[in-house]
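Below, read A as the first sequence line, B as the second, and so on, with proteins coming before strands; counting in each chain starts at 1. On a predicted model such as this, the values are computed, not experimentally measured, just so you know.
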Amino acid sequence: MTFMLMMSKNDNKASMNWQESLIKWFAGNHRELPWRWTGDPYDVLVSEFMLQQTQVATVIPYFHRWKHVFPDIDSLARADQSEVLKLWEGLGYYSRARRLHECAKSVVASGGKLPGDYESLLKLPGIGSYTAAAIASLGFGQRVAVVDGNVLRVRARMLADSSDITKSEVKKRYFKELNELIRDVSDVSSFNQGMMELGALICRPREAICVECPVRQWCLGHSTGTALEYPRKPAKASRPCYDVSVGLIFHDGKYLILRRSPEQMLGGLWEFPGGKVEPGESHEECVVREVLEETGLDVEIVRKVGAVKHAYSHFGIEMHAYICALRGSSEVVCERPWAWVESNEFGKYAFPKANHKVFELLKQQGVI
DNA sequence: AAGTCGGGGGA
DNA sequence: TCCCCAGACTT
């Protein structure tokens, strides 16, 4: 009788599995986030797209602005891509913005209701295994496990598993195992969020605060003192750095900007004409050549504005910027969309980060 | 299965 | 600097 009573109370650690211990910890220790517990699957959709490879703190202000402009999936579906990209400006991975837009249009076209099951979500643009599982479980309570960078790290440490978590085979194995482990959990949404919150707050990449961890008694990494040795990852290749030159063509009070084509890197964003410096070529020659190739304009260098460095995922660039003047006609010949804009109109267009660094140079010099 | 895509933040 | 972040998609 006493024994039964003890078990039914379920507050004895020995009677609780690690999944329930995690859920309990999450209930009392999670951060309050603007998209949590709103009850609106659209909030889960938007936040999950923004959170792909992006930290929570970075996303929060973008999420607020987004909800203000696009409060629901219909308003997003009706929007112009330029407006969508402008709101995404600075968040990175711009294909996410285009795909979220496409996703919204697709959902609205087929009735306006976001599907709640993993398999249907997986078919939508921009939604892969992680996001499908997140929306299905956090938004609709479906019993499916999320596997993101946090989850992989937490589980690799719990199991003291030396597998390379960047391999797709390992991710699949973890996904399968976790779906078994959540078969009987009391709250799938809290379990999934708890795994990610644990990774963000306790079981962090370079620091593991095991003394505060709700699953430490089930963690092999902790019991053997090797938690920080996991997950194991292969050494990354060093990234090349390219020299790039751009021309700020000033004519009639305006600058010429071009829009990048949608399928490119940074697709749909605007930039100054320019490109990679070729072997044996000077930066100045590069500007003149690139401007001619891209716009058909014949220009000469007026002066150098300066250079900015910028790092992308797989390479870096040093962008040299030059003020240019037209030598001949101002007639632009260009397949891509282009525009002459005054410097106080730059804010209307979405530019990549490297271009913003050039704007900063121009401001410092009082040019704009 | 590997390569590619951005930018920010922390150590 | 380097690493990592609530990954998805193409080849």
For A:M50 and B:dG6, what is the distance between atoms CE and C1' respectively, to the nearest whole Å?
15 Å
Look through every strand shown and name the nucleotide pairing with B:dG6 as Watson-Crick or G-U wobble, where both distances are under 3.5 Å.
none
Euclidean distance, atom CG of residue A:L201 to atom P of B:dG10 [Å, nearest integer]:
14 Å
Salt bridge flag under 4.0 Å for residues A:R98 and A:E102
no
Kindly assign one of parallel, tilted or perpendicular to the pair A:W88 and A:W66, based on the angle between their ring planes and the thresholds 30° and 60°.
perpendicular
For A:F49, answer base if it contacts any base atom (sugar-phosphate contacts may also be present), sugar-phosphate if it contacts only those atoms, and nothing otherwise; contact means non-hydrogen atoms under 4.0 Å.
nothing
Using the C1' atom as the point on both nucleotides, what is the distance between C:dA8 and B:dG9, in whole Å?
23 Å
Any donor-acceptor N or O pair under 3.5 Å, side chains A:R36, A:Q193:
yes
Would you say the side chain of A:Q365 lies within less than 4.5 Å of the side chain of A:R303, judging by non-hydrogen atoms?
yes
Suppose you measure atom C1' in B:dG3 against the same atom in C:dA6; what distance do you get, rounded to whole Å?
22 Å
Take atom P in C:dC9 and the same atom in B:dG8, then report the distance between them in whole Å.
24 Å
Between NZ of A:K353 and C1' of B:dG6 the distance, given in whole Å, is 11 Å
Could you tell me how far apart A:Y62 (OH) and B:dG6 (P) are, to the nearest whole angstrom?
14 Å
Check: A:S21 side chain, A:P214 main-chain N or O, donor-acceptor pair, under 3.5 Å:
yes
Give a yes or no on whether a salt bridge exists between A:K86 and A:E89, defined as a side-chain N under 4.0 angstrom from a carboxylate O.
yes
Residue met sooner reading DNA chain B from 5', once A:H314 and A:T58 are mapped to nucleotides
A:H314
Give one of base, sugar-phosphate or nothing for A:L91, where a contact means two heavy atoms less than 4.0 Å apart.
base
Want to settle it: does A:E169 or A:H310 sit nearer the 5' end of DNA chain B, counting the closest nucleotide to each?
A:E169
Output yes when A:R289 and A:E285 qualify as a salt bridge under the 4.0 Å nitrogen-oxygen rule, no when they do not.
no
Rounded to the nearest angstrom, tell me the gap between atom CG in A:N355 and atom P in B:dG6.
13 Å
Rounded to the nearest Å, what distance is computed from the CD1 atom of residue A:I209 to the P atom of nucleotide B:dA11?
11 Å
What is the distance, to the nearest angstrom, from the CD1 atom on A:I317 to the P atom on B:dG6?
12 Å
Treat primed atoms plus P, OP1 and OP2 as sugar-phosphate and everything else as base, then score nucleotides 4-11 of chain C 5' to 3': B for base contact with protein heavy atoms under 4.0 Å, S for sugar-phosphate contact only, - for none.
SBBBSS--
Nearest whole angstrom, please: distance from the C1' of B:dG8 to the OH of A:Y94.
11 Å
